[in-house]
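See structure below.
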Amino acid sequence: MLKIYNTLSRKKEIFSPRVEGKVGLYVCGMTVYDYCHVGHARVMVVFDTVARYFRYSGYELCYVRNITDIDDKIIRRAHEQGVSLTELTERFIEAMHEDERALSVLPPDIEPKATQSIPDIIAMIEILCAKDLAYVGHNGDVFYAVTKFKNYGQLSGKNLDDLQAGERVDVDLAKRNPLDFVLWKMAKENEPAWPSPWGLGRPGWHIECSAMSTCCLGNSFDIHGGGMDLQFPHHENEIAQSEGATGEKFVNYWMHNGFVRINEEKMSKSLGNFFTVREVLKQYQPEIIRFFILSSHYRSPLNYSDEQLNDARLALTRLYTALRGCDRGNAEIDVDYKARFAAAMDDDFNTPVALSVLFDLARELNAAKEAKSIKVQELVASLRFLGGLLGIVQGDADDFLKSGIVNGEALDEELIEQQIQSRLAAKKAKDWALADKIRDDLKEQGVILEDTPNGLSTWRRE
RNA sequence: GGCUGCGUAGCAAAAUGGUUAUGCAGUGGCCUGCAAAGCCAUCUACGGCGGUUCGAUUCCGCCCGCAGCCUCCA
């Protein structure tokens, strides 16, 4: 039985879909004006893992993740770079898809763009105006009147009085209440704009998600996810907009993932302390990043450091070492491991525990290999299968073990093979000093030799 | 200031009212020409103070420390 921590209730709740066997999942995606950083990677990997697990559990899933391709920052960046809006956004959408593929993130079922949802957005704003939940300010912008929505603040546990007390942003005089937020923004000169009943302009940030999610998944759907920082005000505003417009319960379960941190501080664009996915990929294999992300629970903070990435690499090395030279055949999946794995994932997607099951499997597999037990294939099949649910250990073991890219200058494989042959000859001649020297020299260059029982040697990169 | 959440062994990271997490590192053993890998065994814990309880790392309260949101942010 799957349990999900619901931000709305701040409790783990038994997941019960609106429609038996079906799940609608909406996740707030990227604003595409720059490359994805590790924080974005976390959202992608976390919800990809959630999506994979829903499908494995037999649900018919519709996974929607939007792209914000119109926004102040995008406009500014396009101006700075002297390119058109779409030139900029298309470039970063492609870059995002590249990063996703690298991280084994499967594409969502629907990936709506804000600029392609303008009619839906306008229609929703019109309803909000008609219901007197929105108004046109002095400057022509359309605002949502926060005080008119009775449950405002329920998701983030805030109330309007507290929010006003803590108000620390410049008051926009066009608003009736400083907490009101913009639904439609009038265009300034040279800004991309769409016609609307209120004039040429563009949508505010929050309304696009309300429009796209309800259009793709219905007025009511099961799960809405995103980073912790979106809880307030973004998701709070989405609820106000959607429920205000439709009169129906917007979302049943809200899932928020924790931040990636650097030195105990949130990784973010504004702090400038971020690493892009493509930067990190120069130093670590993509699977290492994915493992690193899954090694902590999705709601916990995740500290980014070379030490942590190296730990992830060593951990994956252990799993691949167990799989090395093994074939899964047509073996069945071990039911006990499968049950333990499912129990972990059913508990609010507890990937650290799910991973620990994989390590227990690896240990038994190693022992089975040594004992030449008939269980080997079953254990291999199980490790591959359960790893696959997390999007890891699907590659060839030797490919992973031999392709360390830690120090850039990788020693040529042919050269390594030559050295190994020389060493085998030295071993045959019982010239241990020479054999050891060759091995030590290779070790210096990050190549570790491992002699096998059949008198040969295999190798891997450190 | 208001509202969240967190504080676990050398590091990372889970669960749990009484019993093994797991990975890396350490120690002892097996294996090996010696290693590496692997296997077996093993040492390091639950921020502080009170309370509830037969029993608390786990529940409650207070304190200390850290992070996040309250402004664009995944």
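So you know, we letter chains A, B, ... as the sequences are listed, proteins then strands, and number each from 1. It should be emphasised that the depicted structure is a prediction, and the values quoted were computed from it without experimental measurement.
Residue contacts shown for A:Ser295 are limited to sugar-phosphate atoms, with no base heavy atom under 4.0 Å away. Within 4.0 Å (heavy atoms only), A:Ile448 reaches sugar-phosphate atoms of the nucleic acid but no base atom. Using a 4.0 Å heavy-atom criterion, one finds that A:Lys269 contacts no nucleic acid atom at all. At a threshold of 4.0 angstrom between heavy atoms, the contacts of A:Arg42 with the nucleic acid are absent. Residue contacts for A:Gly39: at a heavy-atom cut-off of 4.0 Å it reaches a base atom on one of the strands shown. Across all strands shown, A:Gly29 has heavy atoms under 4.0 Å from sugar-phosphate atoms exclusively, and none from any base. Across all strands, A:Ser300 comes closer than 4.0 Å only to sugar-phosphate atoms, never to a base (heavy-atom distances). Across all strands, A:Ser268 comes closer than 4.0 Å to base atoms (heavy-atom distances). Using a 4.0 Å heavy-atom cutoff across all strands shown, A:Asn257 reaches at least one base atom of the nucleic acid. A:Arg439 comes within 4.0 angstrom of a nucleotide base, judged by non-hydrogen atoms across all strands. Residue A:Val27 is out of contact with every strand shown, counting any heavy-atom pair closer than 4.0 Å.
Figure legend: cation-pi geometry between A:Arg299 and A:Tyr5, with NZ or CZ positioned under 6.0 Å from the six-membered ring centre and within 45° of its axis.
Of the candidate nucleotides B:C69, B:C39, B:U22, B:U22 has the atom lying nearest to any side-chain atom of A:Ser356. When each of B:A74, B:A13, B:C39 is scored by its nearest atom to the side-chain atoms of A:Pro352, the top-ranked nucleotide is B:A13. Listed nucleotides B:A14, B:A36, B:G38 differ in distance to A:His297; the shortest reach to its side chain belongs to B:A14. Distance from the side chain of A:Arg363 is smallest for B:C39 among the nucleotides B:G33, B:C39, B:C70. With B:A13, B:A37, B:C69 as the choices, the nucleotide that has an atom nearest any side-chain atom of A:Gln308 turns out to be B:A13. For A:Pro233, taking side-chain heavy atoms from C-beta onward, the closest of the listed nucleotides B:A67, B:U22, B:C70 is B:C70. Closest contact between the side chain of A:Phe232 and the listed nucleotides B:C69, B:C11, B:G38 involves B:C69. Considering only the side chain of A:Ser296, B:A14 comes nearest among B:G23, B:A14, B:C3. Counting only heavy atoms from C-beta on, A:Tyr5 has its side chain closest to B:G5 among B:G23, B:G5, B:A67. Distances from the side chain of A:Arg423 to the nucleotides B:G33, B:C3, B:G38 place B:G33 closest.
Atom CG of A:Asp451 and atom P of B:G33 are 9 Å apart (whole Å). As a whole-Å value, the separation of A:Phe359 CZ from B:A21 P is 17 Å. At whole-Å resolution of the value, CD in A:Glu264 and C1' in B:G7 are 10 Å apart. When the P atom of B:U4 is taken as reference, atom CD of A:Glu236 falls 13 Å away, rounded to whole Å. Atoms CG (A:Asn66) and C1' (B:A74) sit 11 Å apart, rounded to a whole Å. Atom-to-atom, CZ of A:Arg460 to C1' of B:A36 comes out at 7 Å; the value is rounded to the nearest Å. Remark: P of B:U22 and CE of A:Met345 are 20 Å apart, rounded to the nearest angstrom. Taking atom NE2 of A:His235 as the reference point, atom C1' of B:U4 lies 16 Å away to the nearest angstrom.
Distance noted for atom C1' between B:A9 and B:A45: 4 Å (whole Å). Taking atom P on both nucleotides, B:C59 is separated from B:C6 by 10 Å, rounded to a whole Å. Comparing B:C46 with B:G10, their C1' atoms sit 15 Å apart, to the nearest whole Å. Taking atom C1' in both B:U71 and B:C66, the straight-line distance is 23 Å, to the nearest Å. Taking atom P in both B:C62 and B:C3, one finds a spacing of 12 Å when rounded to whole Å. Comparing the P positions of B:U20 and B:A37 gives an interatomic distance of 28 Å, to the nearest angstrom. Rounded to whole Å, the C1' atom of B:G17 lies 6 Å from the corresponding atom of B:A56. Nucleotides B:U58 and B:A15, compared at atom P, are 15 Å apart to the nearest Å.
Taking a centre distance below 5.5 Å and an interplanar angle below 30 degrees as the stacking criterion, A:Phe259 does not stack against the six-membered base ring of B:A67.
Note on A:Arg340: every side-chain N or O is 4.0 Å or more away from OP1 and OP2 of B:A21. For A:Lys443, no side-chain nitrogen or oxygen approaches OP1 or OP2 of B:A35 to under 4.0 Å.
For B:U8, there is no paired nucleotide, since no Watson-Crick or G-U wobble pair has both relevant distances below 3.5 Å. Using the Watson-Crick or G-U wobble rule with both distances under 3.5 Å, B:U20 pairs with nothing in any strand shown. Searching all strands for a Watson-Crick or G-U wobble partner of B:A36 with both distances below 3.5 Å returns nothing. Nucleotide B:G1 has B:C70 as its partner under the Watson-Crick or G-U criteria, with both atom distances under 3.5 Å. Pairing for B:C59 goes to B:G51, judged as Watson-Crick or G-U wobble with the two contacts each under 3.5 Å. A 3.5 Å limit on both hydrogen-bonding distances identifies no Watson-Crick or G-U partner for B:C31.
Ring pair A:Tyr53/A:Phe341 is tilted by interplanar angle, where 30° to 60° counts as tilted. Between A:Trp254 and A:His224, the angle of the ring planes stays under 30°, which puts this pair in the parallel group of the 30/60° scheme.
Considering A:Arg65, A:Arg42, A:Met255 as possible partners of A:Phe47, the one that fulfils the side chain to side chain contact (heavy atoms under 4.5 Å, CB included) test is A:Met255. Among the candidates A:Phe232, A:Phe149, A:Tyr144, the single residue satisfying the ring pair (Phe, Tyr, Trp, His ring centres under 6.0 Å) test with A:Phe181 is A:Tyr144.
Residue order along RNA chain B, read from the 5' end via each residue's closest nucleotide, puts A:Asp436 first among A:Asp436 and A:Met267. Summary of the strand contacts: A:Asn350 and A:Met228 both lie near RNA chain B, and taking for each the nucleotide with the nearest heavy atom, the more 5' one is attributed to A:Asn350.
A distance-only check finds no donor-acceptor pair linking the side chain of A:Asn177 to the backbone of A:Thr147 [under 3.5 Å].
Using a 4.5 Å cut-off on side-chain heavy atoms (C-beta onward), A:Phe250 and A:Ser213 make contact. The closest side-chain heavy-atom distance from A:His235 to A:Cys209 is not below 4.5 Å.
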Start with the C-alpha distance between A:Thr68 and A:Glu208, add both sets of side-chain angles, then the distance that settles side-chain hydrogen bond (donor to acceptor under 3.5 Å, both in side chains), and finish with yes or no.
-> CA-CA 8 Å; A:Thr68 298; A:Glu208 63 174 70; 2.6 Å; yes

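Judged by distance alone, with hydrogens and angles left aside, A:Asn310 brings no side-chain donor or acceptor close enough to the base of B:C11 to form a pair under 3.5 Å.
Taking OH of A:Tyr152 as the start and NZ of A:Lys158 as the end, the distance is 10.0 Å to the nearest 0.5 Å.
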